[in-house]
Protein chains: 2
Amino acid sequence: MVALDRSLISRLPLFQGMTPEEQSELLRSARSSRYAKDSTIFEQEAEANSFFVLIAGHIRVVRTTPDGQQVIARYISEGEIFGVAAALGRTTYPATAVAAVDCVVLAWANSQWAELARRFPVFGATTYKTVGTRLQETQTRVVEMSTEQVEQRVAHALLRLANQTGRKTDSGIEIDFPISRQDIAEMTGTTLHTVSRLLSKWEDNGIILSGRQKVTVKDAHRLVVLAENRDKG
Amino acid sequence: MVALDRSLISRLPLFQGMTPEEQSELLRSARSSRYAKDSTIFEQEAEANSFFVLIAGHIRVVRTTPDGQQVIARYISEGEIFGVAAALGRTTYPATAVAAVDCVVLAWANSQWAELARRFPVFGATTYKTVGTRLQETQTRVVEMSTEQVEQRVAHALLRLANQTGRKTDSGIEIDFPISRQDIAEMTGTTLHTVSRLLSKWEDNGIILSGRQKVTVKDAHRLVVLAENRDKG
DNA sequence: TCCCGAGTTTGCGCCAGCGCAAATTGTCCA
DNA sequence: TGGACAATTTGCGCTGGCGCAAACTCGGGA
């Protein structure tokens, strides 16, 4: 359990449009915890008891196939709600959530969902909207997997990461958490080898900078061209 | 506009748990229409004014890429709600909905959503649950596209169609609406040529029967083996 | 009934990207 | 400071499935 200042959460969009009193009340009904890098918040197939809001850090949501292959469903950023499929009728978590860096998380029991959604309509509405948005995004991903080459998909993935979690540095936009070639492969449906080859090429071309578990986008514009073009780069 | 008997809808799960009076009221606030085979219910990118429930028929939901390629997002069956992404915060439809056969559809103005969800909590709850389920299903599809071979994906797609919309005939389970090789290709991220080759092979092996825009699953069990096996069939 | 066109089948060549293997490099910990 | 290990890079050969092209075949409308 972690003591949380209200100021930590009042900056998050999810809690905008609530009075300070409401924010405090919402906070009181939650329990908060820290998760160390690489620790698991919840496990696929486990009984879903809680839903969560990420206060600080980055979380990787992973689906594992029966034969052990992993696919990254999405990364969760600060202020996002997650583990809610359960609040929408599921009884088990459909994926595993792992802290990509040290994280701070708020959790509520699922049984509180109806009550909270009633008391804080903004909260409920935002959640439904979020789920709708994720459905759209996931369908977009299906379209990409169906119609694009690997190079385009990887370019798209990097651009998305840079937009959502990018941190401006003097050499470009750096992805804000450790991410391996394998991770990128699991986001795009390819192998770490192919990702490595692509990143090497792009680094030679001055489009990105990369190191161990690190990618910096130097020239987003050219990456967009790669992502959209149907020809070779 | 089509005159609708309440008995037409009272059998649908979506309207279970409502009193006959509520059902009638819900019906009165909707407008109903018929759509001929191949006609469009709504178009991708168009302003989203309404959401819908399919009363009879089958609807194909399609996403088109900027360069004109199509991907089938899903098929809608009787009793399902669709075109709701708008009710969840979007202002335009993310896909195009086309009648796969002659259809009967109920429609409500988006502006009625909040009111209806308030008056008929079951209706709202079912919808949110549906969206959650579709998110799961779509993510499953991403996993399949990432980890499975084309043959397995096509087998999975056929099994899903057979389960959801299959009609028992004396020779097996027949998919209940006209579906072309091209359609199956757009569901699985491959080409009609590859689908055709697979179906031919499976027909030779006695697993399916197929004709023009028609597929009948004769031996679902062997299809499951193909869908799950990592080896060749 | 015949004809036309959409839907389907099938052959052939090719290549993007995978699988395997081995070398290389950065990082953390003792 | 020196391993030791994890992450990354890179070479090489192979193949699943795509693209193209052509032939074929239903089914419905004139």
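The chains referred to below are lettered A, B, ... by the order of the sequence lines, with proteins before strands, and numbering in each begins at 1. Heavy atoms only: backbone and side chains are in, while hydrogens, waters and symmetry mates are out. Note that the coordinates shown come from a computational prediction; the quantities given were computed from them, not determined experimentally.
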Atom-pair distance (CD on Gln149(A); P on dC14(C)), nearest Å: 18 Å
Can a salt bridge be assigned to the pair Glu186(A) and Arg63(A) using a cut-off of 4.0 Å between side-chain N and carboxylate O? no
Look at the side-chain N and O atoms of Ser180(B) and state whether any lies under 4.0 Å from the OP1 or OP2 oxygen of dG7(C). no
Nearest-Å distance, CE (Met145(B)) to C1' (dG17(C))? 15 Å
NZ/NE/NH1/NH2 to OD/OE distance under 4.0 Å, Arg167(B) and Glu174(B): yes
Using the ring of each side chain (for Trp, its six-membered ring), is Tyr93(B) parallel, tilted or perpendicular to Phe52(B), with breaks at 30° and 60°? tilted
Which whole-number value in Å describes the distance from Gln213(B) CD to dA6(C) P? 12 Å
Is the number of heavy atoms from other residues, nucleotides or ligands within 6.0 Å of CD (Glu47(A)) greater than 12? no
May I ask you to say what Ser196(B) touches in the nucleic acid, namely base, sugar-phosphate or nothing, with a heavy-atom cut-off under 4.0 Å? base
Reckon Thr190(A) has a side-chain N or O less than 4.0 Å from the OP1 or OP2 of dG17(C)? no
Whichever of His193(A) and Val150(A) has its nearest DNA chain C nucleotide further upstream toward 5': Val150(A)
Do Glu203(B) and Ser210(B) have side-chain atoms, one donor and one acceptor, less than 3.5 Å apart? yes
Length of the CG-C1' vector between Asp204(A) and dT9(D), whole Å: 12 Å
dT10(C) OP1/OP2 closer than 4.0 Å to side-chain N/O of Ser200(B): yes
Roughly, in whole Å, what's the span from CG in Leu199(B) to P in dG17(D)? 14 Å
So Arg181(A), base contact, sugar-phosphate only, or nothing? Heavy-atom distance under 4.0 Å. sugar-phosphate
Establish whether the base of dG11(D) is bridged to the side chain of Arg197(A) by a donor-acceptor pair shorter than 3.5 Å. yes
More 5' along DNA chain D: Arg212(B) or Thr194(A), using each one's nearest nucleotide? Thr194(A)
Distance, rounded to the nearest Å, where Ile184(A) contributes CD1 and dT8(D) contributes P: 8 Å
Rounded to the nearest Å, what distance is computed from the CD atom of residue Glu148(B) to the P atom of nucleotide dG16(D)? 17 Å
